[in-house]
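Below is one structure; the comments refer to it alone.
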Amino acid sequence: IEQPTFPKITEMCVKMIRRVNDEEGIKKLVNETFQKLWFTPTPHHDKEAMTRKILNITDVVAACRDTGYDWFEQLLQNLLKSEEDASYKPVKKACTQLVDNLVEHILKYEESLSDSDNKGVNSGRLVACITTLFLFSKIRPQLMVKHAMTMQPYLTTKCSTQNDFMVICNVAKILELVVPLMEHPSETFLATIEEDLMKLIIKYGMTVVQHCVSCLGAVVNKVTQNYKFVWACFNRYYGALSKLKNQHQEDPNSTILTANKPALLRSLFTVGALCRHFDFDQEDFKGNSKVNIKDKVLELLMYFTKHSDEENYFLCFPPLGFAFIQHPSLMFEQEVKTLYNSILSDKNCSVNLKIQVLKNLQTYLQEEDTRMQQADRDWKKVAKQEDLKEMGDISSGMSSSIMQLYLKQVLEAFFHTQSSVRHFALNVIALTLNQGLIHPVQCVPYLIAMGTDPEPSMRNKADQQLVEIDKKYAGFIHMKAVAGMKMSYQVQQAINTCPKDPVRGFRHDESSNALCSHLYSMIRGNRQHRRAFLISLLNLFDDTA
């Protein structure tokens with residue numbers, strides 16, 4: 001098995017590739033560099049050059065494991081888009097070569113895993129290769145169609161290490177994207193995938209369950225329509241929850257929930273995950289029954305939020321979030337509104353719980369965005385049928401109403417002492433603004449305040465939102481500048497962990513910068529706005545006023 005590429009080269013590539021979203025000049029340079037380095041077709045006889053390329057890409061992917069892979073997706077999209085209208089498509093050809101050779105390398109690493117000396121190294125390389133294949137599948141799933149049958153056996157990997165779990169999750173994510181594109185896949189192949197996924201759902205923990213249910217959703221909803229198979233699984237876990245609820249209602253003082261904790265938590269999570277990907281109120285599942293499944297599921301989940309210890313209480317929230325993705329209207333229910341808003345506004349509430357509620361809102365908005373993009377693509381294909389557009393409008397109307405319900409509490413989360421809470425609150429607001437679900441003027445002072453955050457990534461994200469708002473609505477930033485300054489003080493007060501230290505309006509890094517320097521840089525270009533802003537600040541210190 002090959003030696004890893006030089007760490008220095010990997011480090012340089014990681015640093016360069018993270019600039020893929022910089023200003024146009026740098027972006028162009030990054031795209032050109034990696035097109036030459038990775039995405040230029042390699043002569044078929046030059047196996048050594050191809051191996052070097054594969055090792056370099058997988059090393060960079062492995063090095064970015066903790067920071068995310070947005071850069072790879074962005075880079076690949078940029079390059080493929082640039083040659084859309086060209087007759088010769090070198091990037092597409094290079095991608096096909098890379099995918100085919102990555103699959104070859106996976107088979108090679110698998111053979112070598114029996115060699116105990118290199119087990120750790122090769123297991124890490126196997127994960128990096130499969131992760132890279134997933135990244136290609138996300139942007140161009142067609143490239144993996146011919147390799148789907150090669151990937152399927154990896155669902156039966158025996159899980160003993162973290163790497164084994166990563167292999168299973170990435171293979172499930174690849175098959176989810178690729179199987180619906182296969183032309184006439186064999187029934188045996190599809191049945192094997194369904195059975196493998198179901199075994200994993202029953203046996204392993206949350207992360208595996210989540211990815212396997214998602215894959216099962218794509219296979220069943222888009223290909224096999226094997227609804228009975230999924231309905232049986234749903235009833236197994238839904239039945240277990242109903243039984244526990246009834247036993248607890250009969251004797252509220254019993255320890256039934258504590259004694260059956262593992263079964264309770266698995267059932268809660270699996271029911272939630274299944275509700276995210278399947279609409280069990282369809283006739284295909286429940287037949288002629290008049291029972292409203294979504295209401296029954298909500299009733300069950302809400303019951304366990306009221307009668308659980310602290311850990312069980314926290315673990316009720318991911319399944320609630322899943323159910324709301326399939327049925328957003330449930331978020332209008334009074335008890336859901338009360339529950340979410342009380343958690344977001346309660347200063348003494350646990351940080352993890354606040355984060356989970358914000359994550360639920362974030363995931364809902366991300367899924368909505370994906371749906372809208374898909375509806376938009378479908379709309380372009382059949383532009384004469386108005387109903388598709390109306391469908392999108394109804395959907396975005398629902399998202400807008402939901403965000404109006406929780407907006408104030410999400411914005412107030414910007415004043416939390418924990419950066420992780422501020423991080424997820426900012427993500428939710430950024431998604432809400434990007435989808436145009438609320439009027440941006442109400443967010444401006446909060447975004448100005450978040451522009452003073454000590455963490456560069458959050459500062460930059462808040463500043464970017466302000467730039468976008470300023471482009472579309474000139475004057476909004478100036479209108480809310482003083483309110484933003486006051487809120488900036490509140491954010492700094494919340495962040496200031498030592499009450500004896502006074503709140504300062506500047507930061508010490510390479511140079512001493514005013515915390516609100518970005519705000520001023522946006523206002524100073526217009527003399528009228530600049531003067532009005534400075535006079536408003538001075539008036540705050542006028543004792544005679």
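Since the model is a prediction, treat every value here as computed from it, not as a measurement.
Around the CD atom of Gln249, the shell of radius 6.0 Å holds more than 12 heavy atoms that belong to other residues, nucleotides or ligands. For Lys261, the NZ atom is densely surrounded, since the number of other residues' heavy atoms within 6.0 Å is greater than 12. The 12-atom threshold is exceeded at NZ of Lys337, counting heavy atoms of other residues, nucleotides or ligands nearer than 6.0 Å.
Ring to ring, Phe278 and Tyr227 are not that close: their centroids are 6.0 angstrom or more apart. Residues Phe285 and Phe280 place their aromatic rings such that the two centres sit under 6.0 Å apart.
With no hydrogens or angles considered, a side-chain donor-acceptor pair links Gln464 and Glu468 at under 3.5 Å. Side chains of Thr156 and Asp196: a donor-acceptor N/O pair is absent below 3.5 angstrom, by distance only. No side-chain donor from either of Gln247 and Asp251 sits under 3.5 Å from a side-chain acceptor of the other. Side-chain atoms of Tyr364 and Ser399 include a donor-acceptor pair closer than 3.5 Å. Side chains of Ser345 and Asn341: a donor-acceptor N/O pair is absent below 3.5 angstrom, by distance only.
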Derivation and outcome, side-chain hydrogen bond (donor to acceptor under 3.5 Å, both in side chains), residues Asp100 and His147: CA-CA 8 Å; Asp100 294 349; His147 301 297; 2.8 Å; yes

From CA spacing to verdict: side-chain contact (heavy atoms from CB on, under 4.5 Å), Leu133, Asn170: CA-CA 9 Å; Leu133 282 176; Asn170 278 311; over 6 Å; no

Candidate pair Asp164 and Lys158, rule salt bridge (Lys or Arg N to Asp or Glu O under 4.0 Å), full reasoning: CA-CA 7 Å; Asp164 297 334; Lys158 285 189 173 65; over 6 Å; no

Gln225 and Asp284: CA distance, side-chain angles, deciding distance, side-chain hydrogen bond (donor to acceptor under 3.5 Å, both in side chains) verdict: CA-CA 9 Å; Gln225 275 85 50; Asp284 296 317; over 6 Å; no

side-chain contact (heavy atoms from CB on, under 4.5 Å) assessment of Phe332 paired with Ile402: CA-CA 7 Å; Phe332 294 116; Ile402 287 166; 3.6 Å; yes

Salt bridge (Lys or Arg N to Asp or Glu O under 4.0 Å) evaluation trace for Asp453 with Lys461: CA-CA 10 Å; Asp453 198 279; Lys461 192 164 194 171; over 6 Å; no

Working for side-chain hydrogen bond (donor to acceptor under 3.5 Å, both in side chains), residues Gln74 and Asn78: CA-CA 6 Å; Gln74 194 60 57; Asn78 292 347; 3.1 Å; yes

side-chain contact (heavy atoms from CB on, under 4.5 Å) assessment of Asn163 paired with Leu126: CA-CA 9 Å; Asn163 281 343; Leu126 179 68; over 6 Å; no

Worked verdict on Thr338 versus Gln334 for side-chain hydrogen bond (donor to acceptor under 3.5 Å, both in side chains): CA-CA 6 Å; Thr338 307; Gln334 189 55 50; 3.3 Å; yes

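Checking side-chain atoms of Asn235 against main-chain N and O of Ala232 turns up no donor-acceptor pair under 3.5 Å. Between the His307 side chain and the Tyr303 main chain, a donor and an acceptor come within less than 3.5 Å of each other. With hydrogens and angles ignored, the 3.5 Å screen pairs a side-chain donor or acceptor of Asn360 with a backbone N or O of Phe317. In this structure a side-chain-to-backbone donor-acceptor pair under 3.5 Å is missing from Lys286 to Ile293. The backbone N or O of Lys294 lies less than 3.5 Å from a partner atom in the side chain of Asp281, making a donor-acceptor pair. Between the Thr58 side chain and the Ile54 main chain, a donor and an acceptor come within less than 3.5 Å of each other. Side-chain atoms of Asp369 do not come within 3.5 Å of backbone N or O of Leu431 as any donor-acceptor pair. Not a single donor-acceptor pair under 3.5 Å links the side chain of Gln152 to the backbone N or O of Ala148. Counting only distance, with no hydrogens or angles, the side chain of Lys354 and the backbone of Asp346 share a donor-acceptor pair below 3.5 Å. Listed for the Ser289 side chain is a donor-acceptor partner under 3.5 Å among the backbone atoms of Val291.
Salt-bridge annotation for Glu368 and Arg371: present, with a side-chain N of the basic residue lying under 4.0 Å from a carboxylate O of the acidic one.
Partner Arg276 forms a side chain to side chain donor-acceptor pair (under 3.5 Å) with one of Gln326, His327, Glu367 and no other, that one being Glu367.
The aromatic rings of Phe414 and Tyr446 lie perpendicular to each other, with more than 60° between the two planes, well past the 30° mark.
Scored by the salt bridge (Lys or Arg N to Asp or Glu O under 4.0 Å) test, Lys92 finds no partners at all (sequence neighbours excluded).
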